[in-house]
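Bear in mind that the values here come from a model prediction, so they are computed numbers and not experimental data.
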Amino acid sequence: MAGFDKVVYSYEAAMEGLKDGDTIIAGGFGLCGIPEGLIKQIKHMQTKNLTVVSNNCGVDDFGLGILLQDKQIKKVIASYVGENALFEQQLLSGEIDVELTPQGTLAEKMRAGGAGIPAFYTATGYGTPVAEGKDVKEFNGRPYILEESITGEFAIVKAWKADRYGNLVFRHTAMNFNPMAATAGKITVAEVEEIVEPGELEPNQIHTPGIFVNRVIKGNFEKRIERVTTRD
């Protein structure tokens with residue numbers, strides 16, 4: 001990369017520097033808005049003992065689920081386990097550590113991490129197992145629990161458009177966790193559908209400024225549907 005140009009032309013270059021034991025923060029919700037090619041590159045690299053932070057862990061043979069096949073993941077911080085039988089199996093057998101986190105809290109953990117906020121209080125989860133071992137404080141007579149923010153060595157996100165400076169635009173529901181995840185990585189890699197020249201993106205429509213993004217790669221996406229529902 002030279003100057004502000006953050007475009008790379010291979011998945012090897014996109015994920016260069018990833019090592020065993022790293023924490024990866026991944027955008028996406030189900031199979032919507034996931035960085036498919038970057039996940040496949042992590043599988044190809046056979047990096048082990050990873051901590052993965054994501055809303056969920058894909059399905060058995062697609063998305064983050066493929067990293068479970070060779071037991072590359074040691075811990076998952078997620079809000080949802082369903083749709084992945086292998087994930088469930090490894091959770092119940094104790095092969096993988098899972099920290100279930102309320103969905104909104106997970107999003108705020110990423111956002112706070114990217115904003116340099118080490119922790120925050122939330123009412124969500126108070127009085128449930130989520131609150132066990134956490135500091136509790138009252139504000140205006142209501143109890144709140146202290147949640148620590150999340151950062152990682154890598155953040156991997158999927159965007160619709162990017163310019164060469166790394167400014168990102170997400171499309172509709174594919175935005176989901178991606179903007180928060182993009183801010184929380186020491187190295188943020190964006191896999192995108194289209195790369196345009198600086199100045200082509202309307203400034204008011206940019207969701208993630210390029211200052212948060214280190215690498216951009218143009219991907220080819222399968223965009224698999226999680227559950228195909230058709231009319232009889």
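Rounding to the nearest 0.5 Å places CG of Leu18 at 10.5 Å from CG of Leu38. Rounding to the nearest 0.5 Å places CD1 of Ile217 at 8.5 Å from CD of Gln41. Rounded to the nearest 0.5 angstrom, Ile211 CD1 and Thr183 OG1 are separated by 12.0 Å. Note: Gln72 CD to Thr47 OG1 = 6.5 Å, rounded to the nearest 0.5 Å. For the atom pair NZ of Lys186 and OG1 of Thr188, the computed distance is 12.0 Å after rounding to the nearest 0.5 Å.
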Exercise for review: Could you check Val81 against Leu100 for side chain to side chain contact (heavy atoms under 4.5 Å, CB included), going step by step and ending with a plain yes or no?
Suggested key: CA-CA 8 Å; Val81 180; Leu100 289 175; 3.5 Å; yes
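Shown here is Asn220, whose CG atom has no more than 12 heavy atoms of other residues, nucleotides or ligands within 6.0 Å.
When the side chains of ILVMFWY residues are joined at heavy-atom separations under 4.5 Å, either directly or via intervening members, Met175 and Val192 end up in a single hydrophobic cluster. Connection of Ile66 to Ile42 is established within a shared hydrophobic cluster, with ILVMFWY side chains joined at heavy-atom distances below 4.5 Å, either directly or through further cluster members. Side-chain heavy atoms closer than 4.5 Å link hydrophobic residues (I, L, V, M, F, W, Y) into clusters, and following such links, even through other members, never connects Phe170 to Phe29. Connection of Phe212 to Val53 is not established within any shared hydrophobic cluster, with ILVMFWY side chains joined at heavy-atom distances below 4.5 Å, either directly or through further cluster members. Val157 and Phe221 are members of different hydrophobic clusters when ILVMFWY side chains are connected at heavy-atom separations under 4.5 Å.
Through chains of ILVMFWY side-chain contacts below 4.5 Å, Tyr144 is grouped with Tyr121, Phe139, Leu146.
Minimum heavy-atom separation, Ile39 to Ile156: CG1-CD1, 4.0 Å. Here the closest heavy-atom approach between residue Ile73 and residue Val76 is recorded as CG2-CG2, 3.6 Å. Across every non-hydrogen atom of Arg215 and Glu16, the tightest pair is NH1-O, 2.9 Å. Nearest heavy-atom pair across Ile25 and Thr151 is CD1-C, 3.6 Å. Shown here for Arg224 and Glu36, the closest heavy-atom pair between the two residues is N-OE2, 4.4 Å. The two residues Lys109 and Glu148 have their closest heavy-atom pair at NZ-O, 2.8 Å.
Ion pair Asp5/Arg164 flagged as a salt bridge, since at least one NZ, NE, NH1 or NH2 atom sits closer than 4.0 Å to an Asp/Glu carboxylate oxygen. No salt bridge links Glu191 with Lys40; every basic N to acidic carboxylate O contact stays at or beyond 4.0 Å.
At a threshold of 4.5 Å between non-hydrogen side-chain atoms, the residues Phe87 and Val98 count as touching. For the pair Thr122 and Glu108, the minimum side-chain heavy-atom distance is 4.5 Å or more.
Evaluation of the ring pair (Phe, Tyr, Trp, His ring centres under 6.0 Å) rule for Tyr165 yields Phe4 as partners, not counting sequence neighbours.
When each of Lys75, Lys71, Lys74 is checked for a salt bridge (Lys or Arg N to Asp or Glu O under 4.0 Å) with Glu95, only Lys71 meets the rule.
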